[in-house]
Amino acid sequence: MAERSFKAEVEHLKLGEGEIFTGEGILAITKSLLESGVGYVGGYQGAPISHLMDVLADAEELLTGLGVKYEANANEAAAAAMLAASVHYPIRGAVTFKGSVGVNVASDALANLASSGVTGGALIIVGEDYGEGSSIMQERTHAFAMKSQFWLLDPRPNLPSIVKSVSDGFDLSEASNTPVMLMVRIRSCHVTGSFECRDNKPPEFTVKDALANPRSDFSRVVLPPMSYAHEQDKINNRWPAAEAFIRERKLNERFGPDDAPVGIVMQGGMYNGVIRALQQLGLADIYGNTDIPLYVLNVTYPLVNSEFLEFCEGKEQILVVEEGQPEFIENQLSAFLYRAKSDVMLHGKDIFPMAGEYTGTVMRESIATFLKDAAPGMLADALRAPNSAPPEIPDLSKTVPIRPPGFCTGCPERPIFAAMKLVEQELGKHQIAADIGCHLFASLPPFEIGGATMGYGLGPAANGAFDGGGDKRSVAIIGDGGFWHNGLSSSFTNMAFNKSDGVAIVVDNFYSAATGGQDVMSSRANNETKSTKNPISKALAGIGINWVRQIDRTYDVGKMRDTIREALTTKEKGPKVIVASSECMLNRQRREKPLRNKAIKEGRRVDVPRFGVDEDVCTGDHACMRLSGCPSLSLKTLDDPLRDDPVASIDQSCVGCGNCGEVADAAILCPSFYRADVIHNPGKFEIWRAGVRAKFRNYLTERRTKRRLDLGASS
């Protein structure tokens with residue numbers, strides 16, 4: 001159950017020639033794929049392109065009608081391997097995944113694809129997750145493009161440019177027999193806008209045609225001596241063909257005057273930031289007209305030597321705007337100038353920060369610094385213009401605390417780590433390896449469990465060095481998404497083969513929850529197009545792991561604690577796996593809330609469980625928070641002058657999972673938690689009974705008030 005449905009938006013994908021499409025960048029990419037005659041599409045979800053996979057899934061009927069094959073791949077490597085269909089056949093294919101981690105996972109297939117080359121257009125849509133909105137390590141895809149000679153597109157972040165880049169990418173791939181990467185940044189994926197549509201185009205050559213007429217060519221196989229010929233073909237044929245195509249089709253763009261002492265070269269994805277900075281400096285208007293010449297690299301690899309040198313003609317200094325590190329583009333452009341014996345001075349990372357996202361402030365201040373030295377007259381005139389002073393941006397770092405990510409309210413993973421903390425109190429601290437997924441939040445307070453993660457599905461494999469190295473067993477955490485992505489083969493097969501004596505906990509929340517709630521093999525939901533309901537425990541048994549404990553309600557903290565203790569203390573040797581299963585609360589609420597609201601609106605009786613804390617019983621030691629960490633569990637200061645410490649309190653965001661009470665019971669804390677059922681549309685008897693109870697409570701309250709001593713009364 002994906003976090004967002006695109007069923008309504010998919011109707012816009014049917015628009016034809018001359019009609020105007022309005023929507024998000026993700027939808028625009030899908031529409032352009034259909035207009036370009038794509039024959040097959042696939043991929044693996046992950047920010048910022050998760051929604052692209054969701055759009056494709058929701059549009060599967062439309063894709064099938066056009067003769068387009070769609071596959072939701074098990075991981076990025078499987079997606080990249082799909083592009084083998086374009087090696088021998090003139091079929092246009094596209095796959096998508098998160099970069100750079102997705103590129104890392106897919107690197108084997110991608111390297112082979114780049115070596116053999118392609119006949120049909122092959123497009124890899126990479127979600128570049130760099131900067132302050134990123135969820136991964138700060139790396140760039142550019143290095144891989146250079147290593148394997150993929151051509152890399154980085155279009156300006158507006159819908160017409162993004163749509164054009166999809167079509168250009170296929171054409172460039174076919175013109176140079178080389179796979180092409182299309183890099184879309186976080187903001188590009190979610191930018192909204194409009195563009196004029198073309199008709200959707202069925203593929204000229206389909207996978208069905210390929211199956212009916214099989215082809216083979218041993219010169220495409222990546223084996224010696226053919227692999228040596230592939231390298232020569234890249235340099236002598238494919239690369240020159242790509243450069244010629246880029247020049248002829250004018251894939252890179254120039255804006256501004258032809259004559260000026262300075263110029264700015266930028267990645268296409270940086271265009272909006274540069275124009276905004278120039279606007280604030282009074283050197284550009286809201287329509288993009290600029291006083292500074294701009295050379296926009298919608299193709300960041302390969303760079304075209306002659307095109308760049310033409311841009312530099314008549315200029316004294318050039319500024320390169322290249323976000324991220326190392327400075328691949330700047331170094332290449334420097335080499336162009338050096339070989340041409342040019343006197344043009346090139347600036348980039350000597351002015352811009354070497355690392356970090358180029359925010360609006362960074363962009364404006366860096367460009368201003370460049371112009372103060374390179375063209376002081378232009379900048380001075382701009383600064384004298386009215387309203388040219390940059391707005392003051394308050395420093396919020398001292399007033400707004402950092403807010404690291406955390407588990408959702410009611411998350412079924414939280415009680416797993418509460419149980420682990422309880423076991424830790426008994427048995428001491430253990431070596432714990434983490435994995436990619438929501439459960440990685442357990443490395444943060446209040447749990448602080450797991451201090452390293454090596455990749456998606458590699459949690460148990462990361463503990464290989466510790467297996468059998470001491471008296472305590474190592475523990476690894478992995479999610480169901482990671483299990484099916486790479487974990488079964490790389491982690492659990494590794495444990496079984498090496499007869500590991502470690503413990504692995506599989507956090508099974510029924511979905512690939514961290515990437516948006518997509519179904520996986522073990523999902524419990526019915527899925528018409530995918531195979532679900534395949535138990536993780538059966539897969540483990542299939543590779544010879546026999547010590548497996550299945551827990552179907554993670555909120556039972558006591559059972560979780562006892563099972564983890566058993567795994568750590570049993571004398572039985574070999575891999576020990578606990579499959580801890582409960583549905584992701586976020587997805588559960590997405591499904592149940594609409595049904596509950598509908599029932600209430602229709603006047604049907606509905607019970608909604610809520611939890612609270614008895615203020616008179618709560619001791620105020622807050623141990624419940626240290627073992628739970630639920631966002632709905634907060635502090636409340638009482639009016640009682642004899643109670644200095646605030647007590648625990650549950651706010652309105654409570655979803656009634658009961659974890660707080662389970663933790664309090666398992667840890668033998670104060671019995672202050674209670675459950676109350678909120679009844680919507682009660683029956684007549686329930687209304688009468690509630691009235692009687694209210695009257696009785698009021699009577700007892702009044703009687704107690706009358707008996708209370710009034711210490712303020714005069715003697």
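Counting begins at 1 with the first residue of the sequence. What you see is a predicted model; the values in this text were computed from it and never measured.
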Result block: side-chain N/O donor-acceptor pairs under 3.5 angstrom for residues 109-125, not counting sequence neighbours:
{"from": "Asn112", "atom 1": "ND2", "to": "Asp108", "atom 2": "O", "distance (Å)": "2.8"}
{"from": "Asn112", "atom 1": "ND2", "to": "Asp108", "atom 2": "OD1", "distance (Å)": "3.2"}
{"from": "Ser115", "atom 1": "OG", "to": "His230", "atom 2": "ND1", "distance (Å)": "3.0"}
{"from": "Ser116", "atom 1": "OG", "to": "Asn112", "atom 2": "O", "distance (Å)": "3.3"}
{"from": "Ser116", "atom 1": "OG", "to": "Leu113", "atom 2": "O", "distance (Å)": "3.3"}
{"from": "Thr119", "atom 1": "OG1", "to": "Val87", "atom 2": "O", "distance (Å)": "2.7"}
{"from": "Thr119", "atom 1": "OG1", "to": "Arg220", "atom 2": "NH2", "distance (Å)": "3.2"}

Original post:
More than 12 heavy atoms of other residues, nucleotides or ligands under 6.0 Å from NZ of Lys147: is that the case?
Top reply: yes

Subject >> Criterion side chain to side chain contact (heavy atoms under 4.5 Å, CB included) against Glu583, the qualifying member of Arg591, Gln589, Arg524 >> reply: Arg591

**OP:** Kindly determine whether Gln45 and Asp54 satisfy side-chain hydrogen bond (donor to acceptor under 3.5 Å, both in side chains), including the steps that lead there.
**Re:** CA-CA 8 Å; Gln45 63 275 355; Asp54 296 337; over 6 Å; no

What's the separation between atom [atom1] in [X] and atom [atom2] in [Y], rounded to the nearest 0.5 Å?
X      : Y      : atom1 : atom2 : answer
Arg549 : Ile505 : CZ    : CD1   : 13.5 Å
Ile551 : Ile416 : CD1   : CD1   : 8.0 Å
Leu211 : Tyr89  : CG    : OH    : 7.5 Å

Taking ring pair (Phe, Tyr, Trp, His ring centres under 6.0 Å) as the definition, give me every residue that meets it alongside [X], ordered by chain and number, with sequence neighbours left out.
X      : answer
Tyr70  : none
Tyr555 : none
Tyr40  : none
His485 : Tyr44, Tyr456

**OP:** Only pairs at least two apart or in different chains count here, so list each side chain to side chain donor-acceptor pair (under 3.5 Å) that has a residue in residues 430-450.
**Re:** Gln431-Asn463

Subject >> For the student: nearest non-hydrogen atoms of Cys630 and Thr409, plus distance >> reply: SG-CG2, 3.9 Å

**OP:** Kindly write out the residues that satisfy salt bridge (Lys or Arg N to Asp or Glu O under 4.0 Å) with Glu323, not counting sequence neighbours, or none if the list is empty.
**Re:** Arg185

Original post:
Who passes salt bridge (Lys or Arg N to Asp or Glu O under 4.0 Å) against Arg414, sequence neighbours left out?
Top reply: none

Spell out, as yes or no, whether a donor-acceptor pair under 3.5 Å connects the side chain of [X] to the backbone of [Y].
X      : Y      : answer
Ser582 : Thr554 : yes
Thr570 : Ala567 : no
Asp508 : Asp480 : no

Partner residues of [X] under the side-chain contact (heavy atoms from CB on, under 4.5 Å) criterion, sequence neighbours left out:
X      : answer
Ile543 : Leu488, Phe492, Thr493, Ile545
Ala78  : Asn73, Asn75
Thr64  : Glu60

Subject >> Selection residues 536-548 - residue pairs positive for salt bridge (Lys or Arg N to Asp or Glu O under 4.0 Å), sequence neighbours left out >> reply: none

Subject >> N-O pairing of Arg92 and Glu174 below 4.0 Å >> reply: yes

Subject >> Beyond-backbone contact of Tyr511 with Val520, side-chain heavy atoms, under 4.5 angstrom >> reply: no

Original post:
Without hydrogens or angle criteria, can the side chains of Glu128 and Thr141 be said to hold a donor-acceptor pair below 3.5 Å?
Top reply: yes

Original post:
Taking His142 as the fixed residue, which of Phe150, Trp151, Phe328 is the one that meets the ring pair (Phe, Tyr, Trp, His ring centres under 6.0 Å) rule?
Top reply: Phe328

